[in-house]
2 protein chains.
Amino acid sequence: MKNEIAEILKRSQLSVTGSRTKILELFQESNGALAHADIEKKTDESYDRVTIYRTLQTFVEKGIIHTIPTADNSIRYALCKDECSTGHHHDNHVHFICDECGTTYCLDNITVPEIALPEGFTQKRADVIVSGICKNCE
Amino acid sequence: MKNEIAEILKRSQLSVTGSRTKILELFQESNGALAHADIEKKTDESYDRVTIYRTLQTFVEKGIIHTIPTADNSIRYALCKDECSTGHHHDNHVHFICDECGTTYCLDNITVPEIALPEGFTQKRADVIVSGICKNCE
DNA sequence: AATTATTTGCAACATTGTTGCATGTGAGTA
DNA sequence: TACTCACATGCAACAATGTTGCAAATAATT
């Protein structure tokens with residue numbers, strides 16, 4: 001388990017450090033999306049706020065996690081599936097955000113439909129954000 | 001023109017004031033999405049920051065504008081089409097955000113495909129965020 | 001024109017995110 | 001294992017963004 005995490009970090013040419021290991025662990029456990037604030041809480045404030053910001057940035061750059069667009073202004077992050085990092089294709093994500101509890105679910109099994117863009121527009125990425133009430137809040 | 005704006009405000013039971021008229025005007029002109037910062041600039045700082053925040057909140061509540069989810073955390077707003085305010089149906093929006101210049105386009109002519117949600121999830125709204133390079137930046 | 005309800009601006013604060021720099025730690029090498 | 005160097009961390013200070021309470025100003029109603 002810890003080994004697996006170390007592997008991921010090394011593959012991305014990142015040093016294996018306490019904060020990175022811990023944060024990656026959190027993502028694997030949570031199985032959903034995390035915002036900066038969530039991570040701060042779950043790590044019990046053992047890491048500096050700045051470190052968390054930088055770790056998240058690094059992870060995004062290396063393609064380990066990706067951001068999820070939200071309408072309230074809190075960036076959320078989720079683990080990338082393997083395909084993300086290949087770069088051979090569009091990054092497509094479907095997420096569900098609960099209006100009630102704010103939990104963000106990755107709906108990986110659903111495919112993003114193709115969107116026909118007007119002339120001159122190039123698509124790099126497509127996100128579908130469905131919001132409403134989740135199964136725990138109904 | 002000004003009359004039309006006053007009409008919209010009255011229909012929502014809002015007093016017709018300088019800031020509200022001006023901000024609504026901006027939305028009608030821009031024909032795209034605006035963030036708080038854009039509005040501050042375009043109004044030449046003649047209105048207090050707080051007023052702009054509150055005006056935007058009010059407009060959202062009244063269904064005059066809607067928020068657009070973004071991955072950088074800056075909330076953007078755009079005018080609602082008439083259907084928005086009826087509430088008889090899902091609110092569906094397709095937007096294109098340019099990675100280069102940040103301009104947000106509303107792609108109203110494109111329909112959001114139906115997303116099949118897992119059991120227990122209720123959809124209130126669906127946003128499709130396509131990002132990439134727009135026609136001006138290619 | 002006077003009254004009332006609403007809106008605005010100010011001040012103060014809270015939250016979120018960024019940058020520079022000194023210190024500490026991990027990874028590679030002798 | 002000890003040494004070196006690159007990189008990661010924490011701290012401090014700052015910048016941007018958003019919120020709240022309250023008094024003054026303005027719009028709507030009579």
Side-chain angles (χ1 to χ4, degrees), chain A residues 2-3 5-26 33-62 64-77 102 104, chain B residues 2-3 5-26 33-62 64-77 102 104:
Chain A
K2 289 256 180 181
N3 256 341
I5 289 179
E7 271 314 306
I8 296 176
L9 291 174
K10 282 180 192 159
R11 239 202 315 277
S12 302
Q13 298 173 305
L14 295 174
S15 315
V16 179
T17 67
S19 60
R20 286 180 183 162
T21 307
K22 180 65 185 168
I23 292 177
L24 249 183
E25 229 172 82
L26 285 181
L34 296 174
H36 173 95
D38 300 325
I39 295 172
E40 229 174 333
K41 273 175 219 142
K42 297 208 182 198
T43 52
D44 218 27
E45 286 161 25
S46 20
Y47 303 107
D48 196 86
R49 244 159 33 84
V50 179
T51 301
I52 299 177
Y53 279 117
R54 289 201 264 231
T55 302
L56 290 172
Q57 268 175 215
T58 307
F59 283 180
V60 170
E61 279 162 22
K62 296 296 185 178
I64 299 173
I65 59 177
H66 63 267
T67 57
I68 301 172
T70 57
D72 63 354
N73 60 310
S74 67
I75 311 181
R76 314 232 175 143
Y77 303 87
T104 304
Chain B
K2 290 256 180 182
N3 255 343
I5 289 179
E7 270 316 305
I8 296 176
L9 292 174
K10 281 179 194 160
R11 237 200 320 273
S12 303
Q13 297 173 304
L14 295 174
S15 314
V16 179
T17 67
S19 59
R20 286 180 181 161
T21 307
K22 179 65 186 170
I23 292 176
L24 249 184
E25 229 173 81
L26 285 181
L34 296 174
H36 174 95
D38 299 326
I39 295 171
E40 228 175 332
K41 273 175 220 144
K42 297 209 183 199
T43 52
D44 219 27
E45 286 159 25
S46 20
Y47 303 107
D48 195 87
R49 244 158 33 84
V50 179
T51 302
I52 299 178
Y53 279 116
R54 289 201 263 231
T55 303
L56 290 172
Q57 268 175 214
T58 308
F59 284 0
V60 170
E61 279 161 22
K62 296 295 185 179
I64 299 174
I65 60 178
H66 63 267
T67 58
I68 302 171
T70 56
D72 62 354
N73 60 311
S74 67
I75 311 181
R76 314 234 175 142
Y77 303 86
T104 303

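Every heavy atom of this structure was used, including side-chain atoms; hydrogens, water molecules and symmetry mates were not. In what follows, chains are A, B, ... by sequence order, proteins preceding strands, each numbered from 1.
For DNA chain C, the neighbouring residues in residues 44-54 of chain A, judged by any heavy atom under 4.0 Å, are A:R49, A:V50, A:Y53, A:R54.
For the atom pair B:S74 OG and B:L34 CG, the distance stands at 11.5 Å (nearest 0.5 Å). Here the straight-line distance linking atom CG of B:D38 with atom CG of B:L26 works out to 9.5 Å at 0.5 Å rounding. From A:R20, atom CZ reaches atom CG of A:L14 across 4.5 Å, with rounding to the nearest 0.5 Å. Of the inter-residue distances, the one linking B:I5 atom CD1 with B:I23 atom CD1 reads 11.0 Å to the nearest 0.5 angstrom.
Between the axis at the start and the axis at the end of the helix from C:dA1-D:dT30 to C:dA30-D:dT1 there is an angle of 30°, using five pairs per end and rounding to 10 degrees.
With a 4.5 Å cut-off on side-chain heavy atoms, A:E25 and A:T21 count as touching.
Every side chain to side chain contact (heavy atoms under 4.5 Å, CB included) that A:V60 has, sequence neighbours left out, goes to A:I65, A:T67, A:Y77. Looking at residues two or more places apart in sequence or on another chain, you find a side chain to side chain contact (heavy atoms under 4.5 Å, CB included) between A:I8 and A:R11, A:L24, A:Q28, A:I64.
Across all strands shown, B:Q57 has heavy atoms under 4.0 Å from sugar-phosphate atoms exclusively, and none from any base. In this structure, B:S74 reaches neither bases nor backbone, as no heavy-atom distance under 4.0 Å exists between it and the strands shown.
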Under 3.5 Å, which donor-acceptor pairs link side chains of residues 45-57 of chain A to any protein atom two or more places apart or in another chain?
from  : atom 1 : to    : atom 2 : distance (Å)
A:S46 : OG     : A:T43 : O      : 2.3
A:D48 : OD2    : A:V50 : N      : 2.9
A:T55 : OG1    : A:T51 : O      : 2.7

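First and last contacts of DNA chain D with chain B, using any nucleotide atom under 4.0 Å from a protein heavy atom and ordered 5' to 3', fall at D:dT17 to D:dA28.
Sorted by first and then second residue, the pairs that involve residues 64-74 of chain B and meet salt bridge (charged side-chain N to carboxylate O under 4.0 Å, His left out), not counting sequence neighbours, are B:D72-B:R76.
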Inset, instruction - Give the intermediate values and the outcome of side chain to side chain contact (heavy atoms under 4.5 Å, CB included) for residues B:H36 and B:I75. - result: CA-CA 7 Å; B:H36 174 95; B:I75 311 181; over 6 Å; no

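One atom, CD of B:E61, and another, P of C:dT7, lie 11 Å apart when rounded to the nearest Å. Going from atom OH of A:Y77 over to atom C1' of C:dT16 covers 11 Å, rounded to whole Å. Rounded to whole Å, the distance from CZ on A:R76 to P on C:dG17 is 12 Å. As rounded to whole Å, 18 Å separates atom C1' of C:dT8 from atom NZ of B:K22.
Each of A:R20 and B:I75 lies near DNA chain D, and the nucleotide nearest A:R20 is the one positioned closer to the 5' end.
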Inset, instruction - Using a 4.0 Å heavy-atom cut-off, write out nucleotides 24-30 of chain C from 5' to 3' as B (base contacted by protein), S (sugar-phosphate only) or - (no contact). - result: --SS---

